[in-house]
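All values derive from a computational prediction rather than experimental measurement. First listed ligand is number 1; within each ligand, the first listed atom is number 1.
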Amino acid sequence: MTIDSLEKLLIHEMKDLYSAESQIEEALPKMEEAASHDDLKAAFREHLEETKTHKQRLEQIFADLKYAPTGEKCEGCAGLIEEGEEIIEEIEKGEVRDAGLIGAAQRVEHYEMAGYGTVIAFARKLGHHTIADTLTLTLEEEGKTDRSLSRLAEKVINFQAMEVA
Ligand SMILES: [Fe+2]
């Protein structure tokens, strides 16, 4: 697809997000498995359910616009997920790894938030207000996840990780 209009750029960016959500859907069960703290496990589990909804929202938008959601691989997200996998490989299970997993997950959230912010702006500019509203629901959920990960890190995990050494 030649990207020669804002509409096509919007499609391209949403395909990228669809790829990101699909990769995240695959990564979250591994992160849950790798985490120790029950609250962190629960946070990853909860975000997996949200991620499935985010994918479904994108599928609906693509269906309405008569495009396929597939065909793009989000390399940025692949790199961030790989960094999370490195944390799992390099740090043994416990609080320190949990702290690292939170950092990795928050990088992913911020990446997604940037991506959703962009497509919402494009959709609004193009007059696709219903689409923009739907994508805003997802953006808000990504933000909520990011904030709850911050709270988890500050209240529980970073504190415990300091006591390990
Ligand atoms: Fe998401």
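Within a 6.0 Å sphere centred on CD of Glu86, heavy atoms belonging to other residues, nucleotides or ligands number more than 12. Atom NZ of Lys93 sits in a crowded spot, with more than 12 heavy atoms from other residues, nucleotides or ligands closer than 6.0 Å. Crowding of Arg107 atom CZ: a count of heavy atoms from other residues, nucleotides or ligands under 6.0 Å not exceeding 12.
The atom name of the N/O/S atom in Glu142 closest to the Fe ion (ligand 1) is OE2. In terms of distance to the Fe ion (ligand 1), the nearest N, O or S atom of His54 is named ND1. Looking at Glu112, its N, O or S atom nearest to the Fe ion (ligand 1) turns out to be OE2.
Distances from the Fe ion (ligand 1) show that Glu141 has no N/O/S atom below 2.8 Å. For a distance bound of 2.8 Å, the N, O or S atoms of Glu21 include one lying that close to the Fe ion (ligand 1). Residue His47 does not count as close to the Fe ion (ligand 1), with no N, O or S atom under 2.8 Å.
With salt bridges taken as basic N to acidic carboxylate O contacts below 4.0 Å, one links Arg45 and Glu32.
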Report the C-alpha distance between Lys144 and Glu50 in whole Å, list the side-chain angles of each, state the deciding distance to 0.1 Å, and finish with yes or no for salt bridge (Lys or Arg N to Asp or Glu O under 4.0 Å).
-> CA-CA 11 Å; Lys144 207 181 82 218; Glu50 284 178 348; 3.3 Å; yes
